[in-house]
Colleague: 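First the structure, then my questions, so here it is.
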Amino acid sequence: MSSVKEILTRRPVSATIRLTVPAGAARPAPPVGPALGQYRLNLMAFCKDFNARTQKYKPDTPMAVTITAYKDNTFEFTVKSPSVTWYLKKAAGIELGSGRPGHVVASSVTLKHIYEIAKVKQSDPYCQYMSLESICKSIIGTANTMGIKVVKELD
Amino acid sequence: MRGTHFFKHLSCISSWRISSQPRRLIHGIVPSPLSQRRLSSVFRNFSTPSSLPTTHLLTSPYFSVRISCPKDSADMLSEALLCFGASSTSMDEQGSDEGNDKICIDSIFSDRQDVDVCISHAADSIGLKELPSYEVRVGEQYDWIKKTQESFCPVEVTEGLWIVPEWRTPPDAHATNIILNPGFAFGTGEHPTTKLCLLLLHGLIKGGEHFLDYGTGSGILAIAALKFGAASSVGIDIDPQAITAATQNATLNNISPNKMQLTLVPPDGRTHEVVEGQRSNSMGVTTESESFDVVIANILLNPLLDLADDIVSHAKPGAVVAVSGIISEQVPYVMEQYSPLLESMSVTEIDDWACVSGTKRRGLTVN
């Protein structure tokens, strides 16, 4: 919780930058370079920080990063794991969801896949206070909207 | 060729054409095509083959698009743009006294064809009634490269030890000054992990040691060891750009090649064949595998865990091995992996970063 003093002395923000970077593979080249370089942010510090913090994800998973750049050229960033739809597509082995969800089934995933995805999502900032069960339910809901069937076991 | 010359000429560049062959970037600055003679003399120095994909990314222009859209849909539009193919989006903070309800999003694309399609898809997907107005500008890689270079300042790591960028004068001419031009390799001296390793080296090196910098980046640790009095430094890395940057930095600090060797190694950890082969060639002595008095690896958690055996195997029994590039919460994993190999382990920390060091256990079987 921020104290009143912290809020009063909060640094002025100069910009909010969003981009997608593969986990553990940030380099000062594009896309990181142009996006952060414009605001004179320390590219090396960001790359090292981002790579160290994304070590626990599978290498090259595309992570959504939101960077808040302050006027004094310092920055903070938060990292979100890929969207549930991305994970489901990977688990189901398909590129696109079904064209007619509810009517046409694109592919299927097992409950174990759902559980694994929920475990990864639990470390996301906005899911931390949700129980694993409710995260799973939400993922199953997303799977239904994509036309992906959830089965007990794959045969 | 010193990098300072390029700065004088770069100020008069407005645009340049990409040459047909991909060029290796020198010190992170793209040279001007103003003088062919100057260009060719520069490229003469670089015989290492360029890694094609990165060089292409760094020489091709990118497209910066400024989109004007209503304030309350700006966040959603940013996210949608990323989904549909933008490389990145950024929003400048508006002053609270600005009356209008429009905000500008700057988005970067690598391919001109994607821009119109992406923006219309993104606008549709969040339900905007009309296509937002936007303008496309071509940006040169040099723009942001130069800006980041400008942000390097001399750093005092500890009393009497400064890391100075190539284009600045050292604030204290009598201190130990390491001149650096990091290019695209890691290690400017500002990062807490670099500081932790430099402080450790400063305390360890008494004179005459053989040092191995595992994952050398810009070569900063290898150079520092020699400046502190080590007999020789070997720097290895899996990234060709790192080896290039480190070689240039060694020259900047007037270090002769027989004191410091820099070698590219394969990423799978088979470093021994390369390291030992090099040493026996130049030193004229056949070496056993355990030949270094100090080994430091400032990389990342996963390689540190996977390559623990390889890293420690280069050290003499009783020699100091230190690893960094880890955040404090990752220290337990490192301790667990390294405690069978090292004893008297200790951890130093700056901010949220840690460095774990210990001495190699005697009596370990050598693979």
Side-chain angles (χ1 to χ4, degrees), chain A residues 10-21 23-60 62-75 80 82-83 85-86 123, chain B residues 28 53-54 57-58 60 62 64 74-75 78-79 81-83 86-93 106-108 110 139 141 143-152 182-188 190-194 217-218 239 241 298-303 305 325-327 329-330 333 352-353:
Chain A
R10 197 165 278 175
R11 293 171 286 179
V13 179
S14 80
T16 307
I17 309 166
R18 287 187 175 79
L19 61 154
T20 311
V21 190
R27 305 217 53 209
V32 177
L36 274 68
Q38 303 282 3
Y39 299 96
R40 295 171 198 270
L41 302 179
N42 194 330
L43 292 179
M44 289 302 173
F46 171 74
C47 290
K48 186 89 171 177
D49 212 332
F50 173 83
N51 288 339
R53 285 178 204 286
T54 52
Q55 287 291 287
K56 57 185 176 217
Y57 294 100
K58 202 160 155 215
D60 292 330
M63 312 294 295
V65 189
T66 307
I67 302 161
T68 311
Y70 297 102
K71 290 211 158 77
D72 57 355
N73 293 345
T74 53
F75 62 89
K80 263 175 28 175
S83 61
T85 48
W86 185 87
S123 47
Chain B
T54 326
L57 274 177
L58 289 168
S60 56
Y62 61 93
S64 175
D75 276 327
S78 299
E79 307 247 340
L81 283 167
L82 281 178
C83 288
S87 302
S88 63
T89 64
S90 56
M91 276 193 304
D92 286 345
E93 276 298 295
D106 285 305
S107 185
I108 296 180
S110 48
Q141 302 293 353
D143 299 336
W144 62 267
I145 291 173
K146 181 146 195 293
K147 278 199 179 159
T148 38
Q149 297 268 351
E150 282 165 10
S151 62
F152 290 144
F184 290 101
F186 182 75
T188 57
E190 300 167 313
H191 200 270
T193 54
T194 318
S218 61
D239 182 3
Q241 286 187 326
N298 183 6
I299 36 186
L300 289 166
L301 176 71
N302 288 343
L305 296 177
I326 45 181
I327 48 182
E329 65 178 37
Q330 296 170 337
Y333 301 111
D352 200 23
W353 298 90

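Sequence lines set the chain letters: A, B, ... in the order given, protein chains first and strands last, and positions in each chain run from 1.
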Colleague: Can you tell me which portion of B:T193 sits under 4.5 Å from chain A's heavy atoms? Options are side chain, backbone, both or neither.
Modeller: side chain
Colleague: How many angstroms lie between CD in A:Q55 and OH in B:Y333, if you round to the nearest 0.5 Å?
Modeller: 12.0 Å
Colleague: For the CZ atom of A:R18 and the OG atom of B:S88, what is their distance to the nearest 0.5 Å?
Modeller: 11.5 Å
Colleague: Nearest 0.5 angstrom please: A:R27 CZ to B:Q241 CD, how far?
Modeller: 5.0 Å
Colleague: If you measure from CG on B:D106 to CD1 on A:I17, what distance do you get to the nearest 0.5 Å?
Modeller: 10.0 Å
Colleague: Which distance, rounded to the nearest 0.5 Å, do you find between the CG of A:L19 and the OG of B:S107?
Modeller: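 Rounded to the nearest 0.5 Å, the CG-OG separation comes to 10.5 Å.
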Colleague: Please look at B:D352 and chain A and tell me whether the side chain, the backbone, both or neither of the residue comes under 4.5 angstrom of a heavy atom of that chain.
Modeller: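 Contact with chain A is through the side chain of B:D352 alone.
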Colleague: Run the numbers on B:N298 and A:K48 for side chain to side chain contact (heavy atoms under 4.5 Å, CB included), then give the verdict.
Modeller: CA-CA 11 Å; B:N298 183 6; A:K48 186 89 171 177; 3.1 Å; yes
Colleague: For chain B, find which of A:A52, A:A64, A:G33, A:C47 contributes the most heavy-atom pairs closer than 4.5 angstrom.
Modeller: A:G33
Colleague: Measure the CG-OH distance between B:N302 and A:Y57 for me, rounded to the nearest 0.5 Å.
Modeller: 13.0 Å
Colleague: With a 4.5 angstrom heavy-atom cut-off, could you sort out which part of A:T16 is near chain B: side chain, backbone, both or neither?
Modeller: both
Colleague: Relative to chain B, which segment of A:N42 carries a heavy atom at a distance below 4.5 Å: side chain, backbone, both, or neither?
Modeller: side chain
Colleague: Shorter than 4.5 Å, heavy atoms on both sides: which option in A:N51, A:T20, A:L41 has the most such pairs with chain B?
Modeller: A:N51
Colleague: Quick one, B:T194 and A:M44 - any side-chain contact, counting heavy atoms below 4.5 Å?
Modeller: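 In short, these two side chains do not touch, never coming nearer than 4.5 Å.
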Colleague: For chain B, which of A:G24, A:A35, A:P59, A:S14 has the most heavy-atom pairs under 4.5 Å?
Modeller: A:S14
Colleague: Quick one: what part of B:L300 sits under 4.5 Å from any heavy atom of chain A, side chain, backbone, both or neither?
Modeller: both
Colleague: Quick check on B:L81 against chain A: is it the side chain, the backbone, both or neither that has a heavy atom closer than 4.5 Å?
Modeller: neither
Colleague: Could you tell me which portion of A:L36 (side chain, backbone, both or neither) has an atom closer than 4.5 angstrom to a non-hydrogen atom of chain B?
Modeller: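 Contact with chain B: none, neither part.
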Colleague: Can you confirm whether A:K58 is buried at NZ, in the sense that more than 12 heavy atoms of other residues, nucleotides or ligands lie under 6.0 Å from that atom?
Modeller: no
Colleague: In terms of heavy-atom pairs under 4.5 Å with chain B, which of A:D49, A:T66, A:V21, A:V32 leads?
Modeller: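 Option with the top pair count is A:D49.
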